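So the structure is just underneath, and the comments pick up after that.
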Amino acid sequence: MSEPRVTVGQDEAGAGRGEKEAKSAPLKQPSNEASRPGQLGLHPGSPLPSAEPSPSPSAEGSGLLSLPWEMVARIASHLPAQCVITVLPQVCHALGNVGKDSTAWQLRARRLTGPRASFPVGPRDGFDWPSACLEMEELIACWTGQGERAAREAEQAEREREVERAQERERDREALAEEGIGEWEEVEEGRPQVDEGVEEVGFQVEGVMAVPWDGEELMEEGDPRLQPPAAAEAMMEEERDDEQGFLEAIEVEERVGVLADRDGQDYIAGPRLGREGERNGSSRAPSPPPALERLSLPSGHIAEVNSVLLVGGDGAVCASGSRDRNVNLWDLRDGGSTGRLLHTLGGQGLFSTHKGWVWCLAARGPLLASGSFDSTVRLWDLGAQGAERGLIRARAAVLCLALPQKDVLLAGTYDKKVSVYDTRVAEPLVKSLRLHSNAVLCLVADEQYILSGSKDRTVVIYDRRAGKTLQKLQLSSYLLSMCYSDSEVWAGDNRGMLHAFSMQAGFFKPLSQFDVGHTSLVTGIHRSPGSLYTCSADRTIKVHLPCSPPRTLCTLHHQAGVNGLSVEAGVLAIASGEMCVEVWRARR
């Protein structure tokens, strides 16, 4: 696909003629008008690249650069963000300044999120507008309509099941029809079939069966009049034809399908495609392939997957922790619809990764930590084929982990504590903090602050440098998942609600809470400047723009509850209650 072109002059064909005239004409001193600052705010004599000269406003007021700066910025806001960031700076210095104007990016963000939404939800100081707009545009391009495609796939699967059920009904009908005919024909041991409890009338002679028949003569066995009446037989044949036609219609619909465009208009598929992809009837361009592909990792666990984590920086490796006590590493770089199992982590003398359910995972660089109900945290070196690097013994089940720095590990446990460990020493425990009155369920941190959520419905902010608790907020529900990036904290609670907070200079402030449609526990959440992902025990995964209120782009319905998610480099992985891990990524 060619890069977008930006026309900055009025008559490109006259450029060559202008150069010839310039060579023959005598040199003139620049006029006062030319020496004044331009409308784009350029200073006199500001250097421009000689290889790519920038056009200047023409005297007649034509051309893009002669327009007011506000109009140029508004025009640029309708170009793709990728074009503004990478292409315009190569056109000229003036257009490159468009990418440095925060007002232009705010106009773009407003158009993406909608005029009634507030964006960003948190503080605006230092906010990365270009990255946020670029990410939102990519998110909209990839995920808009993905839910409808998934729903169509589910409908197709349902049609296949309906075909199987219809075929089963047809087999049952045929079996019943055979039994119905047998009531007239079958003779067991020289006796006609009669209902139990009904007095039998008639007699049997060898080769002949006779019964009273409204005063008519006795009929020999095999007489056509012993068969069902012709009208009844014709009716049964008609029903079979209808049933066969119904099955054929279902099969055709299952193969061809019913397509709907984005405006909600239904288009029934016409004649089937030939070998060359041409329709016999009216032609219509085929729908483009979806921007995302879905990978279902092979069955590597024998129990529910509780946690999932993408590692490596580019979403190429996925770690999964399960109630089967194992942690698996998956390679997602191979092509195809499935990943490849690299390792099942385990130490010397271990039959499994842990001796209890694996409940949480955390990683930083090559270090991977796994927390378990066996009250331990095990450390693994991803740079050494997943070799065991260390063991940390806690005093209760480990429910959440965080690695805010290279050698600092935080663990939230069932015994209401947040513990700080140094992974480099033999006795790793640095400090154990009793911040809550119930189990610690979620945990995020940076180099200075620790934020923890508990089943006691509180959120605590602890300053590691000052060694004291800064704030303790009481909520009406308890948080199960939390994400902290830049100055915003997003969390999901046990009622299906999302909570947004701001975090600046140690001051933690609740901003708002949102109902995005989840009806049960929000088990996973990921927020970045331009994206928001959530999953729930209500069997759904939702993709949103992180504005107030969030704009939901897609809802994916799963067959079982979703226990967690991880997002890295545009790759989404979910932990399923069906003993599997599913991944969505850009189609290659």
Side-chain angles (χ1 to χ4, degrees), residues 121 139 143-144 146-151 153-154 292 294 296 301 303-310 318 320-323 357 359-361 399-400 439-444 453-455 457 459 475-485 488-501 512-528 531-568 571-584:
V121 178
L139 202 71
W143 287 99
T144 300
Q146 186 68 30
E148 288 76 5
R149 284 190 287 269
E153 293 176 0
L292 297 173
R294 175 183 175 183
S296 183
H301 293 287
E304 281 192 33
V305 180
N306 286 327
S307 57
V308 65
L309 184 65
L310 294 167
C318 178
S320 58
S322 169
R323 297 189 183 189
W357 291 355
W359 199 254
C360 50
L361 299 169
L399 304 181
C400 49
V440 181
L441 302 179
C442 54
L443 186 67
V444 293
S454 167
K455 199 172 181 181
R457 302 183 179 183
V459 179
L475 305 177
S476 59
S477 57
Y478 61 85
L479 305 180
L480 290 100
S481 53
M482 192 183 299
C483 180
Y484 177 25
S485 63
E488 292 185 24
V489 179
W490 286 72
D493 69 14
N494 61 310
R495 300 182 304 176
M497 300 291 291
L498 303 186
H499 300 256
F501 308 89
S512 186
Q513 58 179 331
F514 309 104
D515 183 358
V516 295
H518 287 305
T519 59
S520 187
L521 314 173
V522 179
T523 53
I525 188 168
H526 172 87
R527 180 263 172 193
S528 65
S531 68
L532 177 64
Y533 298 81
T534 59
C535 65
S536 171
D538 65 4
R539 305 182 181 184
T540 62
I541 306 105
K542 292 178 179 287
V543 183
H544 326 261
L545 298 184
C547 51
S548 175
R551 177 187 166 190
T552 302
L553 302 177
C554 173
T555 299
L556 300 174
H557 296 272
H558 203 263
Q559 296 179 353
V562 184
N563 296 329
L565 61 78
S566 178
V567 179
E568 186 178 67
V571 181
L572 167 66
I574 67 161
S576 168
E578 285 195 322
M579 301 179 290
C580 67
V581 175
E582 294 184 359
V583 177
W584 284 265

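The chain is numbered in sequence order, starting from 1. Computed from a prediction, not measured in an experiment: that's the story for all the values here.
Side chains of Trp143 and Leu572 form a contact here, defined as non-hydrogen atoms less than 4.5 Å apart. With contacts defined as side-chain heavy-atom distances shorter than 4.5 Å, the pair Ile541/Tyr533 does not qualify. Proximity of His499 to Phe501: side-chain heavy atoms (C-beta onward) are separated by under 4.5 Å at one or more points. For the pair Arg323/Trp359, a side-chain contact is recorded, criterion being any heavy-atom separation below 4.5 Å from C-beta on. In this structure the side chain of Leu292 never reaches within 4.5 angstrom of the side chain of Arg294, judged on heavy atoms. Considering only heavy atoms from C-beta on, His558 stays 4.5 Å or farther from Cys535 through its side chain. Within the 4.5 Å cutoff, the side chain of Leu480 has no heavy atoms near those of the Val522 side chain.
With hydrogens and angles disregarded, a donor-acceptor distance shorter than 3.5 Å links the side chain of Ser454 to the backbone of Ala439. Side-chain atoms of Ser322 come within 3.5 Å of backbone atoms of Ala303 as a donor-acceptor pair (strictly under, hydrogens ignored). Checked by atom type and distance alone, the side chain of Asn563 pairs as donor or acceptor with a backbone atom of Val305 at under 3.5 Å. Looking only at distances, no side-chain donor or acceptor of Ser566 sits under 3.5 Å from a matching main-chain atom of Ala573. Side chain of Ser481 to backbone of Ala491: no donor-acceptor contact under 3.5 angstrom is found. A donor-acceptor pair under 3.5 Å links the side-chain atoms of Asp538 to the main chain of Thr519, judged by distance alone. Side chain of Ser536 to backbone of Leu521: a donor-acceptor contact under 3.5 angstrom is found.
Interatomic distance, Met497 CE to Leu475 CG, rounded to the nearest 0.5 Å: 12.0 Å. Atom CG of Leu309 and atom CG of Leu565 lie 11.0 Å apart (nearest 0.5 Å). Taken from OG in Ser296 to CD in Glu578, the straight-line distance is 9.0 Å, to the nearest 0.5 Å. From Leu441, atom CG reaches atom OG1 of Thr523 across 12.5 Å, with rounding to the nearest 0.5 Å. Summarising the geometry, atom OG belonging to Ser548 is positioned 11.0 Å from atom CG belonging to Leu498; distances are rounded to the nearest 0.5 Å.
A donor atom on one side chain and an acceptor atom on the other are not found under 3.5 Å apart for His526 and Ser531. Checking Thr552 against His544 by side-chain atom types alone, a donor-acceptor pair falls below 3.5 Å.
A side-chain contact (heavy atoms from CB on, under 4.5 Å) with Pro550 holds for exactly one of Leu532, Val121, Asp515, Thr534; it is Leu532.
Of all heavy-atom pairs between Val489 and Met482, the closest is CG1-CG, 3.8 Å.
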